[in-house]
Amino acid sequence: MEKIYLYNTLAHKKEEFIPIKEGKLGMYCCGPTVYNYQHIGNLRTYIFEDLLKRMFLYNGYKVNHIVNITDVGHLTSDEDEGEDKMEVGASREGKTVWELAEYYTDIFIKDTIRLNILQPDKWTKATDHIPEQIGLIKCLEAKGFTYITSDGVYFDTSKINNYGELAQLDISGLKPGHRIELSEEKKNITDFSLWKFSPKDKKRQMEWESTWGTGFPGWHIECSAMAMKYLGNHFDVHCGGIDHIPGHHTNEIAQSEACTGEKFVNYWLHGAFLEEESGKMSKSKGEFLTVQALVDKGYDPLDYRYMCLGTNYGKRLLFSWENLDAAKSAYTRLKNRVIEFKKQTAEHIESTETPNHKETIEGYKQQFNEAVNDDLNISSGLAVLWDVVKNELLPAKSRLELLYDFDNVLGLGLKEVEEKKEDNIPEEIMKLVEERTAAKKAKDFKRADEIRAKIKEMGYEIVDKKDGVEVKKSS
RNA sequence: GGCGACGUACCCAAGUGGCUUAAGGGAGAGGUCUGCAAAACCUCGAUUCAUCGGUUCGAAUCCGAUCGUCGCCUCCA
């Protein structure tokens with residue numbers, strides 16, 4: 001098995017990946033809070049995680065992949081003033097919180113499918129795991145890591161000695177109240193809530209009974225509870241967005257390890273943001289791009305996926321229409337070549353491969369494998385792919401096989417690529433096409449070109465081929 | 001205020017001490033081929049890696065300073 005190197009946030013450097021159990025690994029990825037659409041920046045992280053998973057599969061690992069869906073609201077801060085995004089979203093849209101969660105979960109999962117993201121072994125919902133979360137809090141309470149304030153049960157971060165290791169937090173430098181008021185009752189600025197009490201004057205749509213009182217779980221506890229339920233107290237890979245490092249993941253480590261006394265996760269991987277000229281794409285800014293918005297503008301969701309392949313997951317990526325167009329052009333060219341190779345392969349059934357080719361093929365595979373195993377260096381992998389595409393010395397069949405092989409990691413759906421069918425071309429267009437063919441035969445090229453222009457105006461494109469004319473919808 | 005990341009051609013981007021006189025993609029220019037167009041193919045595109053200084057036989061790659069961009073320290077992928 002080839003070696004795999006990954007940048008581990010916990011170690012603050014690139015490390016060789018060694019699984020806990022040979023040949024397989026557990027992987028937990030933080031999913032979305034489903035109070036709104038996921039924008040393409042959010043989705044970038046899931047594309048990264050998909051590449052990571054596919055890379056492991058490509059190397060022959062068996063992957064147990066868990067992604068959570070946070071369908072319970074959390075306050076926007078640990079204090080009482082914050083709003084619950086789920087409850088706010090529900091009243092905004094005239095839905096119950098449960099309906100809201102279902103609606104956005106559904107769209108999120110469909111978007112991941114459109115982006116050719118392999119589905120996890122299990123989607124785990126926070127609300128389906130309330131007893132597990134309460135159990136974990138009880139464990140922490142029994143071991144003396146908690147205290148109770150007027151608004152909830154808190155984790156005392158001063159009770160553990162390596163708090164903030166993941167983020168290299170300089171706690172003395174943290175500036176509480178920089179943007180939000182600090183609760184008087186919190187013992188340390190880094191303490192966080194495990195369980196929140198429901199407000200006394202208001203009935204929440206989502207609340208549960210617990211030994212501490214009616215309320216709802218804190219934001220971090222769900223991931224610890226679900227990850228450990230499905231992957232065990234100690235597992236291999238945990239990933240999410242880069243924004244989770246200082247808060248969410250730091251707290252997950254603290255509470256998980258405090259309860260079990262074991263190391264929680266070996267490798268922490270984080271995806272960087274998609275940014276716009278004005279900074280990162282974020283929901284709180286109001287305007288944001290969804291997969292559907294790209295489709296409405298005539299892009300294939302995989303055009304966006306291809307764009308994400310261009311740069312390493314750990315580096316921020318600047319979104320611009322120019323970039324997306326560049327990705328679309330490159331991806332379209334790639335698909336065209338695949339179609340060509342398919343045709344050539346079908347025409348020449350007999351293999352023209354020589355032992356020489358075999359060596360070349362193995363060389364390409366090796367190069368590609370090394371690239372993707374080096375902390376997902378996909379752009380180097382793409383360079384290998386283009387080498388293959390352009391290597392005229394290799395038979396089409398071999399090139400196609402290599403592209404399919406690489407696509408196991410890239411996920412560009414190359415096997416499914418097909419020439420656009422002449423799907424229901426209107427009769428009047430077909431008539432014009434025939435007219436043009438006749439004009440061409442009569443060498444009346446002026447007339448032929450006029451008809452081509454006319455057809456184009458009507459939204460169709462004609463391409464002359466050796467054995468006839470092809471008509472397709474303009475894209 | 002603290003912590004951190006980044007700055008490679010018109011755009012995206014790999015490379016992090018000698019294999020590289022800096023991959024790959026997009027855009028552009030010129031050409032081949034088809035009546036034209038499309039597709040495809042070929043050729044040309046950074047003596048240079050934000051700037052300045054240092055270390056070294058050797059630096060885009062290491063060190064320091066400066067400038068610039070961005071993120072985190074609320075919720076966020």
Side-chain angles (χ1 to χ4, degrees), chain A residues 12 29-33 35-36 38-49 73-79 81-85 164 167-182 189-190 219 239-248 270-275 277-285 306-307 309-312 314-318 320 322-334 336-337 339-340 371 374 377-387 389-390 392 440 443-446 448-449 452-453 456 461-466 470 472:
Chain A
H12 310 288
C29 301
C30 286
T33 302
Y35 66 95
N36 204 334
Q38 296 302 298
H39 58 61
I40 59 172
N42 299 130
L43 267 343
R44 181 190 177 198
T45 298
Y46 303 103
I47 291 174
F48 139 59
E49 291 159 354
H74 302 291
L75 301 188
T76 50
S77 78
D78 273 336
E79 326 314 326
E81 307 87 66
E83 300 174 308
D84 177 327
K85 284 189 174 165
Q168 288 189 307
L169 284 184
D170 174 3
I171 291 161
S172 62
L174 292 180
K175 219 178 176 181
H178 186 50
R179 294 193 209 167
I180 205 136
E181 291 296 306
L182 171 68
I189 55 167
T190 47
W219 175 42
C239 30
I242 203 166
D243 52 323
H244 283 155
I245 296 170
H248 187 53
H270 295 94
F273 288 130
L274 179 74
E275 296 181 14
E277 301 265 331
S278 56
K280 74 170 176 173
M281 190 171 282
S282 86
K283 286 185 194 136
S284 51
K285 279 185 191 161
Y306 189 96
M307 178 178 146
L309 299 183
T311 192
N312 184 268
K315 277 190 158 183
R316 60 185 196 207
L317 172 62
L318 195 72
S320 68
E322 192 189 356
N323 273 354
L324 186 60
D325 284 336
K328 185 189 168 93
S329 295
Y331 181 45
T332 303
R333 249 186 84 205
L334 179 60
N336 284 340
R337 298 312 306 273
I339 290 166
E340 241 177 78
D374 182 15
N377 194 338
I378 303 292
S379 45
S380 282
L382 279 179
V384 179
L385 175 141
W386 284 105
D387 267 356
V389 167
K390 293 199 287 193
E392 301 288 339
K440 263 183 65 177
K443 301 233 186 253
D444 184 356
F445 296 124
K446 198 179 165 212
D449 288 348
R452 181 208 291 283
K456 199 174 178 187
E461 224 169 300
I462 46 180
V463 180
D464 291 330
K465 292 277 167 84
K466 267 186 203 157
E470 195 182 290
K472 57 182 179 184

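Residue numbers start from 1 in every chain, and the chains themselves are labelled A, B, ... in the order their sequence lines are given, proteins ahead of strands.
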Chemist: How many Å lie between CD on A/E49 and C1' on B/A77, as a whole number?
Modeler: 8 Å

Chemist: Within the sub-3.5 Å range, which N or O atoms of nucleotides 18-25 of chain B have a protein N or O partner, and how far apart are they?
Modeler:
residue: B/G25; atom: OP1; partner: A/K390; partner atom: NZ; Å: 2.6

Chemist: Report the base-pairing partner of B/A40 (Watson-Crick or G-U wobble, both distances below 3.5 angstrom), or none.
Modeler: B/U32

Chemist: Mind telling me if B/G17 is syn or anti? Syn here is a glycosidic angle within 90° of 0.
Modeler: anti

Chemist: Output, in order, the C-alpha distance, side-chain angles, deciding distance and verdict of side chain to side chain contact (heavy atoms under 4.5 Å, CB included) for A/W386 and A/R333.
Modeler: CA-CA 11 Å; A/W386 284 105; A/R333 249 186 84 205; 4.1 Å; yes

Chemist: What integer distance in Å separates A/R452:CZ from B/A37:C1'?
Modeler: 4 Å

Chemist: Between A/L334 and A/E322, which residue's closest nucleotide on RNA chain B lies nearer the 5′ terminus?
Modeler: A/E322

Chemist: Does the structure show a Watson-Crick or G-U wobble partner for B/G24, both distances under 3.5 Å? Name it, or say none.
Modeler: B/C12

Chemist: In whole Å, what separates the P atom of B/A14 from that of B/U74?
Modeler: 31 Å

Chemist: At less than 4.0 Å, is any side-chain N or O atom of A/R337 found next to OP1 or OP2 of B/A39? Yes or no.
Modeler: no

Chemist: Between B/A60 and B/C75, how far is it from one P atom to the other, in whole Å?
Modeler: 43 Å

Chemist: Would you measure the distance from the C1' atom in B/A46 across to the matching atom in B/G7 and give it in whole Å?
Modeler: 16 Å

Chemist: Once rounded to the nearest 0.5 Å, what's the spacing between atom OG of A/S379 and atom CG of A/L309?
Modeler: 9.0 Å

Chemist: When rounded to the nearest 0.5 angstrom, what is the spacing between CG in A/L274 and CE in A/M307?
Modeler: 5.5 Å

Chemist: Tell me what A/R316 touches on the nucleic acid: a base, only sugar-phosphate, or nothing, going by heavy atoms under 4.0 Å.
Modeler: base

Chemist: Could you work out the separation of B/C33 and B/C42 based on their P atoms and round it to a whole Å?
Modeler: 16 Å

Chemist: Output yes when a side-chain donor or acceptor of A/R44 lies under 3.5 Å from a complementary backbone atom of A/A272, and no otherwise.
Modeler: yes

Chemist: Distance check, C1' atoms only: B/U20 and B/C36, in whole angstrom units.
Modeler: 43 Å

Chemist: Take the protein atom CG of A/L324 and the nucleotide atom C1' of B/C11, then report the distance between them rounded to whole Å.
Modeler: 13 Å

Chemist: How far does CD1 of A/I378 sit from OG of A/S380, to the nearest 0.5 angstrom?
Modeler: 9.5 Å

Chemist: When you measure from the side chain of A/D449 to the backbone of A/K446, do you find a donor-acceptor pair of N or O atoms at a distance under 3.5 Å?
Modeler: no

Chemist: With side chain to side chain contact (heavy atoms under 4.5 Å, CB included) as the test, would you mind laying out the steps for A/F273 and A/D243 before giving the verdict?
Modeler: CA-CA 9 Å; A/F273 288 130; A/D243 52 323; 3.6 Å; yes

Chemist: Taking for each residue the nucleotide of RNA chain B bearing the nearest heavy atom, is the 5' side occupied by A/T311 or by A/G41?
Modeler: A/T311

Chemist: Rounded to whole Å, please give me the gap between NZ in A/K446 and C1' in B/C36.
Modeler: 14 Å

Chemist: Does the structure show a Watson-Crick or G-U wobble partner for B/C75, both distances under 3.5 Å? Name it, or say none.
Modeler: none

Chemist: In whole angstrom, give the distance that lies between atom CG of A/N312 and atom P of B/C12.
Modeler: 16 Å

Chemist: Go through B/C41, B/A77, B/G35 for me and flag the one nearest to the A/Y46 side chain.
Modeler: B/A77

Chemist: Between A/H12 (NE2) and B/C72 (P), how many Å, whole number?
Modeler: 19 Å

Chemist: Which nucleotide, in any strand shown, forms a Watson-Crick or G-U wobble pair with B/A50, with both distances under 3.5 Å?
Modeler: B/U66

Chemist: On the side chain of A/N42, is there an atom forming a donor-acceptor pair with the base of B/C76 - under 3.5 Å, no angle test?
Modeler: no

Chemist: Confirm from the modelled atom types if A/D325 and B/G26 form a donor-acceptor pair under 3.5 Å, side chain to base only.
Modeler: no

Chemist: Write down the distance separating the C1' atoms in B/C41 and B/U56, rounded off to the nearest Å.
Modeler: 46 Å

Chemist: In Å and rounded to the nearest 0.5 Å, what is the SG to OH distance from A/C30 to A/Y46?
Modeler: 8.0 Å

Chemist: Considering only side-chain heavy atoms of A/H244, which listed nucleotide, B/A77, B/G26, B/C72, is closest?
Modeler: B/A77

Chemist: Between B/A13 and B/G26, how far is it from one P atom to the other, in whole Å?
Modeler: 16 Å

Chemist: Is any side-chain N or O of A/K315 closer than 4.0 Å to OP1 or OP2 of B/A14?
Modeler: yes

Chemist: Determine the Euclidean distance between corresponding C1' atoms of B/G45 and B/G30; express it in Å to zero decimal places.
Modeler: 12 Å

Chemist: Look at the side chain of A/N377 and decide which nucleotide, out of B/C75, B/G35, B/G15, has an atom nearest to it.
Modeler: B/G15

Chemist: Let me know the distance between CG of A/L309 and C1' of B/G26, rounded to the nearest Å.
Modeler: 15 Å

Chemist: Looking at B/A37, B/C41, B/C75, which one has an atom nearest to any side-chain atom of A/V463?
Modeler: B/A37

Chemist: Can you tell me how far the CD1 atom of A/I40 sits from the CG atom of A/L317, to the nearest 0.5 Å?
Modeler: 9.0 Å

Chemist: Grab the CD1-P distance between A/I189 and B/C3 for me, whole Å please.
Modeler: 14 Å

Chemist: What pairs with A/D374 under salt bridge (Lys or Arg N to Asp or Glu O under 4.0 Å), at least two apart in sequence or on another chain?
Modeler: A/K14

